[in-house]
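Following: one structure in structure tokens, then a few remarks.
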Amino acid sequence: NADTAMYHAKASGRSNFHWFTTAMLQQTEEKLALGTALRRAIESSELTIVYQPEISLRDGRIVGMEALVRWSSPRHGEVSPDRFIPVAEETGLILTLGEWVLHSACRECVALQRTAGRNLRLAVNVSPRQFQQKDLPQLLQRVLTESGLPAHCMELEITEGMLMQSPEESAEVLRELRRLGIAIVVDDFGTGYSSLAYLTRFPIDKIKIDRSFVRDIANDAADAAVVNAIIAMARSLDIRVIAEGVETEEQEQYLLDRGCDEVQGFRYSPGVRAEDFARLLEPPRAA
Ligand code: C2E
Ligand code: MG
Ligand code: MG
Ligand code: MG
């Protein structure tokens, strides 16, 4: 049906499919309804956070987690963040939502570190409006202090587009974040329109290769070439590199052979609730 769009949300490892009409979402009224529902969701307990492990290819150990927000709405069902984050961004709700995610994720990460008996990194996604927020460094400092998460455990995921919007201001914000000890990750790397030269102009600690390049890595020569180039470049610039969307052993082996530092994907685990993450931490996978 040309008039329907499929939304695929993964909640606690389950897959849920929901069908809405495209027309519905295009209507401002409906967006407002989603916005209103989202406002309520933030105040009630409809939002949760799942954590997806990031694994070192050096020893197969979990070295960190990415916080991914989930919304289970009584009215709209499981809504994918690809749908509601843009609405939150448009309505400005993202600032409230983002602050809630930061506080909750930092608290849960500290608890997981205690369980693990070692440091784990926490990666949090920020959207353009959050990144432009005047007091972002102060907010992060406050969240770190309140939660007790060491600054060097915190990674902020931004996208190329956000950097290029206003490069001067962005560079200043990134320098301030780095002064706090927070690491900067460029998410969905390779999908932006920017030149690679910017990597040397911003204080970037890590790049996350977009999963669209990882998917066909083993049989698409062009995708493989892009991934090879990204890894080689990152290594020569002394920037860590992680690949997202790793689903098969073949993809893992390819990335391992090229010297990719870390991996993330369904091969290891989808995003899971903090309780379930604790269980993933137990014995390291055999080398
Ligand atoms: P992202 O930051 O690029 O997150 C990775 C997405 O890929 C997640 O989708 C994750 O569930 C999915 N994924 C992970 N491994 C695999 C795999 O092996 N195969 C496939 N096919 N997919 C995989 P999710 O959770 O639906 O999030 C979508 C996007 O929503 C995120 O993309 C991020 O841009 C945004 N987002 C999620 N949580 C937050 C948040 O707390 N704040 C903000 N501002 N944005 C968020
Ligand atoms: Mg991300
Ligand atoms: Mg990504
Ligand atoms: Mg993304």
Side-chain angles (χ1 to χ4, degrees), residues 7-18 41-42 44-74 76-85 97-126 143-144 146-150 153-157 185 187 206 208 211 214 242-249 251-252 261-287:
Y7 298 101
H8 181 189
K10 295 163 221 83
S12 309
R14 284 175 304 126
S15 284
N16 301 288
F17 292 88
H18 290 276
I42 294 168
S44 59
S45 52
E46 295 167 28
L47 294 181
T48 51
I49 303 174
V50 294
Y51 300 91
Q52 187 175 32
E54 297 188 347
I55 289 110
S56 165
L57 277 178
R58 201 152 42 84
D59 54 11
R61 291 232 297 179
I62 293 176
V63 288
M65 67 199 81
E66 178 175 9
L68 297 163
V69 68
R70 292 289 175 266
W71 180 20
S72 176
S73 159
H76 304 275
E78 299 289 333
V79 190
S80 162
D82 282 329
R83 276 293 134 186
F84 72 79
I85 293 292
L97 190 155
E99 200 169 326
W100 177 81
V101 169
L102 278 169
H103 275 287
S104 314
C106 285
R107 243 180 278 123
E108 293 200 290
C109 181
V110 167
L112 285 169
Q113 291 190 340
R114 243 176 251 133
T115 306
R118 63 188 167 92
N119 275 345
L120 294 163
R121 291 193 296 260
L122 172 69
V124 179
N125 294 283
V126 296
V143 167
L144 291 174
E146 281 172 21
S147 63
L149 185 76
C153 291
M154 172 114 227
E155 297 181 330
L156 270 204
E157 296 199 2
V185 182
D187 199 0
K206 176 170 166 180
K208 189 172 273 194
R211 68 169 190 263
V214 175
I242 180 168
E244 70 178 0
V246 178
E247 297 184 355
T248 68
E249 184 179 357
Q251 291 164 342
E252 178 189 281
D261 300 300
E262 295 168 21
V263 282
Q264 172 182 7
F266 295 165
R267 168 160 169 72
Y268 314 98
S269 171
V272 296
R273 302 295 300 275
E275 310 89 82
D276 299 319
F277 197 95
R279 226 164 295 140
L280 296 176
L281 285 168
E282 281 154 17
R285 296 185 312 125

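Computation of the quantities below employed the complete heavy-atom set of this structure, encompassing side-chain atoms and omitting hydrogens, waters and symmetry-equivalent molecules.
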(message) Test: ring-ring contact (aromatic ring centres under 6.0 Å, His included). Region: residues 97-116. Which pairs qualify, not counting sequence neighbours?
(response)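 As it turns out, there is no ring-ring contact (aromatic ring centres under 6.0 Å, His included) pair with a partner in residues 97-116 once direct neighbours are skipped.
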(request) Give the C-alpha distance, both sets of side-chain angles, the deciding distance and a yes or no for side chain to side chain contact (heavy atoms under 4.5 Å, CB included) between Val214 and Glu244. (result) CA-CA 7 Å; Val214 175; Glu244 70 178 0; 5.8 Å; no
(request) Please work out which of the three classes, parallel, tilted or perpendicular, describes the rings of Trp71 and His76, given edges at 30° and 60°. (result)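 Ring orientation of His76 relative to Trp71: tilted.
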(request) Sequence neighbours left out, what passes salt bridge (Lys or Arg N to Asp or Glu O under 4.0 Å) with Glu46? Give chain and number order. (result)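 Once residues adjacent in sequence are excluded, Glu46 has no partner under the salt bridge (Lys or Arg N to Asp or Glu O under 4.0 Å) criterion.
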(request) List for me each residue that meets salt bridge (Lys or Arg N to Asp or Glu O under 4.0 Å) alongside Glu99, sequence neighbours excluded, and say none if there are none. (result)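 Applying salt bridge (Lys or Arg N to Asp or Glu O under 4.0 Å) to Glu99 gives Arg142.
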(request) Using the test ring-ring contact (aromatic ring centres under 6.0 Å, His included), find all partners of Phe277 that sit at least two apart in sequence or belong to another chain. (result)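 Once residues adjacent in sequence are excluded, Phe277 has no partner under the ring-ring contact (aromatic ring centres under 6.0 Å, His included) criterion.
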Where is the tightest heavy-atom contact between [X] and [Y], given as atom of each residue plus distance?
{"X": "Gln251", "Y": "Glu247", "result": "OE1-N, 2.7 Å"}
{"X": "Leu102", "Y": "Val143", "result": "O-CG1, 3.7 Å"}
{"X": "Ala67", "Y": "Leu122", "result": "CB-CD1, 4.2 Å"}
{"X": "Pro81", "Y": "Arg70", "result": "CG-NH1, 3.7 Å"}
{"X": "Val246", "Y": "Tyr268", "result": "CG1-OH, 3.6 Å"}
{"X": "Gln264", "Y": "Pro53", "result": "CG-O, 3.7 Å"}

(message) Contact between Val50 and Asp276 at the side-chain level, heavy atoms closer than 4.5 Å - yes or no?
(response)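 They are not in side-chain contact.
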(request) Check whether any side-chain heavy atom of Gln52 lies under 4.5 Å from a side-chain heavy atom of Val272, and answer yes or no. (result)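 The answer is no, as the side chains (C-beta and beyond) never meet within the 4.5 Å cut-off.
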(request) Take Glu252 and Leu57, measure what side chain to side chain contact (heavy atoms under 4.5 Å, CB included) needs, and give me the verdict at the end. (result) CA-CA 8 Å; Glu252 178 189 281; Leu57 277 178; 3.9 Å; yes
(message) List the residues meeting side chain to side chain donor-acceptor pair (under 3.5 Å) with Asn125, not counting sequence neighbours, and say none if there are none.
(response)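 Glu66.
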(request) State which residues pass side chain to side chain donor-acceptor pair (under 3.5 Å) with Ser72; sequence neighbours excluded, sorted by chain then number. (result)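 So Ser72 forms a side chain to side chain donor-acceptor pair (under 3.5 Å) with Glu78.
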Mind listing the side-chain donor-acceptor pairs of residues 108-117 below 3.5 Å, one per line with the distance, residues two or more places apart or on another chain?
residue : atom : partner : partner atom : Å
Glu108  : OE1  : Tyr51   : OH           : 2.7
Gln113  : NE2  : Leu120  : O            : 2.7
Thr115  : OG1  : Ala111  : O            : 3.1

(message) What I want to find out is whether Lys208 reaches Glu155 closely enough, with some N-O distance under 4.0 Å, to be called a salt bridge.
(response)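 So Lys208 does not pair with Glu155 through a salt bridge.
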(request) Identify, with sequence neighbours excluded, every residue that meets side chain to side chain contact (heavy atoms under 4.5 Å, CB included) alongside Val63. (result)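 Once residues adjacent in sequence are excluded, the partners of Val63 under the side chain to side chain contact (heavy atoms under 4.5 Å, CB included) criterion are Ser56, Arg121, Glu262.
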Look up atom [atom1] in [X] and atom [atom2] in [Y], then write down how far apart they are to the nearest 0.5 Å.
{"X": "Arg107", "Y": "Ile49", "atom1": "CZ", "atom2": "CD1", "value": "9.0 Å"}
{"X": "Cys106", "Y": "Met154", "atom1": "SG", "atom2": "CE", "value": "4.5 Å"}
{"X": "Ser104", "Y": "Leu47", "atom1": "OG", "atom2": "CG", "value": "9.0 Å"}
{"X": "Leu156", "Y": "Asp187", "atom1": "CG", "atom2": "CG", "value": "11.5 Å"}

